[in-house]
*Asks:* 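Here it is, the structure, as C-alpha cells.
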Amino acid sequence: MEKITAIKGIKDILPADTPVWRHVEQIAREIFHCFGFREIRVPIMEKTALFQRSIGETTDIVEKEMYTFRDRDDELITLRPEATASVIRAYIEHNLSAADPVTKLYTIGPMFRRERPQKGRFRQFHQMDVEVFGDDQPQSDAEVILMLMHFLQVAGVQKLSLEINSLGCKACRPVFSQAVVEYLKESHNVLCPDCQRRIQINPLRVFDCKVETCGVVIADAPRILNYLCVECSYHFSLVKNHLDDLKLTYEINPQMVRGLDYYTKTAFEVKSGALGAQNSLAGGGRYDGLVSFLGGPDVPGIGFGIGLERLISCLPDPDKPPYRTDIFIAALGARAQKFCFGLTNELRLSGISAAMDYSDKSLKSQMKRADRLNCAYTLILGDQEMQDHCAQLRNMSTKEQQSLSLDTVTQTLISILHEG
RNA sequence: GUGGGUGUAGCUCAGUUGGUUAGAGUGCCGGGUUGUGGCCCCGGAGGUCGAGGGUUCAAAUCCCUUCACUCACCCCA
C-alpha cells in the first residue's frame, strides 16, 4: 500500500514543537493588547476576486501562487495567500468604522501560496497579521513598528534589523516609476534576463535583483526618496523622527520595494541572520487607498505580517518545557485495576493530570513509564494494598513513600497535588 | 517553472575496489530485582537499502528512468 503523506510544503507541527508556538502566540496577544489591538478571526477562504483586486493582478502571488478552485456553484474560491485582504473585507462588511474612528485588529493563522518550498518557505505557513484603520498620522506608523520590534525582542529573536522606506503615493510614485523605466531602458542590454522582464511587469522590482551587473546599474538609478511629493516627504520625515524618539534603530533602504501593489508611503521590513535565503521575518506598510478601493469608506490603513515559521526558526534554542504529568497510578491485578481506573479519572475530573496503564504490566514497567512521563508522584496499588485498604504514594524525586487510606485517597491526592 | 545536493531500522547515521545472513548509536519491548523509575549489564523486536528497470555468477554499492525530501534561483512571511 502506498503511504499517504502530507502535501508538499505543508508541515505538521508536532507535540514537541507546539509549546513554542503557543508561547510565541501568547506573548503576541499580551503585547498587542497593550497597544490596543483586538483579535479578529477571518476565514481561510475568500472569493478569488478579493485577492485579485487587493494584491494586484500582475503580482506573482495572484498570477501563479494562489490555490484557487471552482466551487460547486461555479464560484471561484481561493485559499488566502495573506490576511490583509480578508481583514479589510470584514472591516467593510461589518461596518466596523462606524463603531470607532480608529480600529486596531490582529489575526493569527495559516496562509497558502503555491511556491517551491525551501528553507523558511512553505506552501502553508502561519502569519500574525496586524492592521490599523482610520489613522493617517505618522505616529501610527511609528507605533506599529515599535510594537513589532518590541514583540520580536520579547519573543527572543536575535540579530534583528529594521529597514524602512517610503514608496510614495499615487501622486508621486508613477512619476518615479516612469523615471526608473527611462533610466533602465538606457542600460537595457546590460541587465539580466529577469530584470529585462521586470521592466515590463514591475520596474521597481529591479531594485532588489541580486545579480552583480544589475546592482551596478541600480546604484545610479533614480531614488524614490528624491521623488516624493511634499506630503509623502513630510510624512516620512515625521515617521523617522518618531522612531528616533522611540529609540528604535533602523536603516533607510531606498531600494526596498514590497511585493504587494497596495502599499503607499511607509514600508518596512525586519530581517534576521541565521534564516537562510528567505531572511525576511516580517514586513508591512501603509496602504491608504486600499480600503476605499475595495468598496469601503475612504480610511487610511497600515499593517504588517510576521512569518511564524521564520520567527520560530531563528529563536535561540527554544526552551522546551518538558511535558509533565502530576501523578501516575500503578495498578497490579484486576481488582486494583478496576479501582484505579475510577480513581485516575476522578483525579482528571478534578483538574489533575493523571496517567495509568491498562494492560497490567509489571510494576517495574509502570514505574519506568511514570518516569518517562515526568511524574511528580506515583501511586502504587496492588493486591496487598487492596487487602490492607491502603495505597503507597511515592514521591518520584525524593523516593519517599507514604501510605494512604483508600477511603480518603481521592481527597488526599487532590489536596497534595493541588498544593504542589 | 529552472538548477544543485541527499534518499539504508521510529530517529541520527556507518557500510571498503560490487562478494555470504546489511550494521552502530539512540528510542521501543523484556530480563537482571517473584512488587519499585532514572545509572549499569544482558536479551529481543524492528529494514521491500525510496521505487522501477538494466549490467553481472553476485548490486545498498555500477548504469538508466522515476519519485520524494532538501537547498538555491524566482518571489516573499
Side-chain angles (χ1 to χ4, degrees), chain A residues 1-3 5-9 11 14 16 55 58-65 80-84 108-130 148 152 192-195 197-198 201-202 205 208-211 256-260 268-272 275-284 303-314 328 330-333 336 359-386 391-401:
Chain A
M1 254 261 279
E2 197 184 334
K3 208 173 12 174
T5 59
I7 301 167
K8 184 201 286 287
K11 301 292 183 192
L14 297 173
I55 298 172
T58 61
T59 57
D60 274 27
I61 292 177
V62 170
E63 269 187 347
K64 49 193 186 196
E65 295 175 1
R80 63 179 184 196
E82 55 112 46
T84 302
I108 302 174
M111 310 295 158
F112 305 85
R113 291 182 201 173
R114 201 184 183 292
E115 300 178 88
R116 192 75 169 259
Q118 69 183 75
K119 192 177 180 66
R121 192 171 70 187
F122 312 95
R123 290 185 173 180
Q124 174 176 329
F125 59 100
H126 297 76
Q127 279 190 352
M128 291 179 178
D129 192 74
V130 168
L148 170 60
L152 293 174
C192 71
D194 277 329
C195 283
R197 184 176 51 84
R198 287 178 177 120
I201 312 290
N202 191 344
R205 244 318 109 53
D208 46 26
C209 182
K210 287 160 190 158
V211 178
M256 180 174 70
V257 288
R258 313 252 54 243
L260 292 73
F268 53 93
E269 192 165 321
V270 181
K271 294 178 179 172
S272 171
L275 261 185
Q278 309 301 321
N279 62 352
S280 173
L281 230 142
F304 62 79
I306 307 171
L308 283 180
E309 282 84 356
R310 291 182 187 179
L311 189 165
I312 285 167
S313 85
C314 64
F328 191 91
L332 299 158
S359 53
D360 201 28
K361 291 201 174 122
S362 70
L363 180 60
K364 172 176 176 156
S365 160
Q366 297 195 56
M367 294 291 292
K368 242 176 148 169
R369 186 158 164 73
D371 193 54
R372 261 206 330 272
L373 292 175
N374 207 2
C375 292
Y377 293 92
T378 298
L379 187 80
I380 299 161
L381 225 174
D383 290 338
Q384 189 59 52
E385 284 78 7
M386 291 303 287
Q392 301 297 318
L393 180 66
R394 180 180 179 85
N395 181 316
M396 293 299 274
S397 45
T398 66
K399 294 183 172 186
E400 284 169 333
Q401 287 190 195

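Proteins come first, then strands; the chains are lettered A, B, ... in the order of their sequence lines, and each starts at number 1.
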*Asks:* Nearest 0.5 angstrom please: A/Asn395 CG to A/Glu400 CD, how far?
*Replies:*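 Here the interatomic distance stands at 6.5 Å.
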*Asks:* When all nucleic acid strands are considered with a 4.0 Å heavy-atom cut-off, which category describes A/Lys11: base, sugar-phosphate, or nothing?
*Replies:*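 Sugar-phosphate: the residue A/Lys11, judged by heavy atoms under 4.0 Å, touches backbone atoms but no base.
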*Asks:* Would you compute the distance between atom CD of A/Glu115 and atom CZ of A/Phe125 and round it to the nearest 0.5 angstrom?
*Replies:*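 Those atoms lie 7.0 Å apart.
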*Asks:* A/Phe112 CZ to B/C76 C1': how many Å, rounded?
*Replies:*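 Distance, rounded to whole Å: 17 Å.
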*Asks:* When you compare B/G10 with B/C71, how far apart are their P atoms, in angstrom units rounded to a whole number?
*Replies:*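 Pairwise P distance, B/G10 against B/C71, rounds to 23 Å.
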*Asks:* Looking at CZ of A/Arg123 and CZ of A/Arg116, how far apart are the two atoms once the value is rounded to the nearest 0.5 Å?
*Replies:*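 One gets 8.0 Å once the value is rounded to the nearest 0.5 Å.
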*Asks:* How close or far is atom P of B/C76 from atom CZ of A/Phe122, stated in whole angstroms?
*Replies:*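 Going from CZ in A/Phe122 over to P in B/C76 covers 18 Å.
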*Asks:* Using the C1' atoms only, state how far B/G7 lies from B/C49, rounded to an integer number of Å.
*Replies:*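 Straight-line distance between the two C1' atoms is 10 Å.
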*Asks:* Would you compute the distance between atom CG of A/Leu379 and atom CZ of A/Phe328 and round it to the nearest 0.5 angstrom?
*Replies:*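 So the gap between those two atoms works out to 11.0 Å.
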*Asks:* Please test A/Glu269 against A/Met256 for side chain to side chain contact (heavy atoms under 4.5 Å, CB included), starting from the C-alpha separation and ending with a verdict.
*Replies:* CA-CA 8 Å; A/Glu269 192 165 321; A/Met256 180 174 70; 3.5 Å; yes
*Asks:* Base, backbone or nothing for each nucleotide of nucleotides 31-45 of chain B, written B, S, -, heavy atoms under 4.0 angstrom, 5' to 3'?
*Replies:* -B--BBBB-------
*Asks:* Which part of the nucleic acid, if any, lies within contact of A/Ala370, taking any heavy atom under 4.0 Å across all strands shown: a base, the sugar-phosphate backbone alone, or nothing?
*Replies:*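 Touches nothing.
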*Asks:* Please give, in whole Å, the distance from B/C74 P to A/Lys119 NZ?
*Replies:*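 Going from NZ in A/Lys119 over to P in B/C74 covers 18 Å.
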*Asks:* Between B/G37 and B/G31, how far apart are the two P atoms, rounded to whole Å?
*Replies:*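 Pairwise P distance, B/G37 against B/G31, rounds to 12 Å.
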*Asks:* How long is the span from the CG atom in A/Leu148 to the CE atom in A/Met128, to the nearest 0.5 Å?
*Replies:*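 Between A/Leu148 CG and A/Met128 CE, I get 11.0 Å after rounding to 0.5 Å.
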*Asks:* Between atom CD1 in A/Ile61 and atom P in B/C76, what is the gap in whole Å?
*Replies:*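 For the pair A/Ile61 CD1 and B/C76 P, the rounded distance is 7 Å.
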*Asks:* Only Watson-Crick and G-U wobble pairs with both distances less than 3.5 Å should count. Give RNA chain B in dot-bracket notation, marking inter-strand partners with |.
*Replies:* (((((((..((((.....[...)))).(((((.......))))).....(((((..]....))))))))))))....
*Asks:* Can you check whether A/Lys64 has a side-chain N or O nearer than 4.0 Å to OP1 or OP2 of B/C76?
*Replies:*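 Answer is no, no contact under 4.0 Å.
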*Asks:* Report the C-alpha separation of A/Met386 and A/Gln384 in whole Å, then their side-chain angles, then the decisive distance to 0.1 Å, and conclude whether the side chain to side chain contact (heavy atoms under 4.5 Å, CB included) test is met.
*Replies:* CA-CA 5 Å; A/Met386 291 303 287; A/Gln384 189 59 52; over 6 Å; no
*Asks:* Would one find a side-chain N or O of A/Gln118 under 4.0 angstrom from OP1 or OP2 of B/A72?
*Replies:*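 The answer is yes; a side-chain N or O of A/Gln118 sits under 4.0 Å from OP1 or OP2.
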*Asks:* If you pin A/Lys8 and A/His126 to their nearest nucleotides in RNA chain B, which one's is more 5'?
*Replies:*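 By nearest-heavy-atom nucleotide position, the 5'-most residue is A/Lys8.
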*Asks:* Can you tell me how far P of B/A77 sits from CD1 of A/Ile108, to the nearest Å?
*Replies:*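 Rounded to whole Å, this separation is 17 Å.
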*Asks:* Rounded to whole angstrom, note down the C1' distance from B/U20 over to B/G25.
*Replies:*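 It works out to 26 Å between them.
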*Asks:* Please give, in whole Å, the distance from B/C76 P to A/Glu65 CD?
*Replies:*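 Computing the A/Glu65:CD to B/C76:P distance gives 8 Å.
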*Asks:* Taking the P atom in each of B/G44 and B/G54, what is the distance between them to the nearest angstrom?
*Replies:*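 Pairwise P distance, B/G44 against B/G54, rounds to 38 Å.
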*Asks:* For A/Gln278 and B/A72, give me the distance from atom CD to atom P, rounded to whole Å.
*Replies:*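 After rounding, the gap between these two atoms is 7 Å.
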*Asks:* Please check if atom CD1 in A/Ile7 has more than 12 non-hydrogen atoms from other residues, nucleotides or ligands closer than 6.0 Å.
*Replies:*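 No, the 6.0 Å shell around CD1 holds no more than 12 heavy atoms from other groups.
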*Asks:* With sequence neighbours left out, write down each residue that passes side-chain hydrogen bond (donor to acceptor under 3.5 Å, both in side chains) with A/Arg394, or none if nothing qualifies.
*Replies:*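 In terms of side-chain hydrogen bond (donor to acceptor under 3.5 Å, both in side chains), with neighbours along the sequence ignored, A/Arg394 is linked to A/Gln401.
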*Asks:* Suppose we screen for side-chain hydrogen bond (donor to acceptor under 3.5 Å, both in side chains). Which residues come up paired with A/Glu63, at least two apart in sequence or across chains?
*Replies:*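 If we apply the side-chain hydrogen bond (donor to acceptor under 3.5 Å, both in side chains) test to A/Glu63, skipping adjacent residues, there are no hits.
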*Asks:* Enter the distance from A/Phe112:CZ to A/Glu65:CD here, rounded to the nearest 0.5 Å.
*Replies:*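 These two atoms lie 14.5 Å from each other.
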*Asks:* For A/Leu381 and A/Ala336, work out which heavy atoms get closest and say how close.
*Replies:*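 Closest pair (atom of A/Leu381, atom of A/Ala336, distance): O-CB, 3.3 Å.
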*Asks:* How would you list, by chain and number, every residue that makes a side-chain hydrogen bond (donor to acceptor under 3.5 Å, both in side chains) with A/Glu385, sequence neighbours excluded?
*Replies:*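 Not a single residue meets the side-chain hydrogen bond (donor to acceptor under 3.5 Å, both in side chains) criterion with A/Glu385.
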*Asks:* When you compare the protein's N or O atoms with those of nucleotides 1-8 of chain B, which come within less than 3.5 Å of each other, and at what distance?
*Replies:*
residue, atom, partner, partner atom, Å
B/U2, O4, A/Arg116, NH1, 2.6

*Asks:* Atom CD1 of A/Ile55 to atom P of B/C76: distance rounded to whole Å?
*Replies:*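 These atoms are roughly 11 Å apart.
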*Asks:* Which whole number of Å gives the distance between the P atom of B/A51 and that of B/A9?
*Replies:*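 Rounded to whole Å, the distance is 10 Å.
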*Asks:* How far does the P atom of B/G52 sit from the matching atom of B/A59, given to the nearest Å?
*Replies:*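 It works out to 14 Å between them.
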*Asks:* Taking the same atom, C1', in B/G53 and in B/C67, what whole-Å distance lies between them?
*Replies:*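 Straight-line distance between the two C1' atoms is 14 Å.
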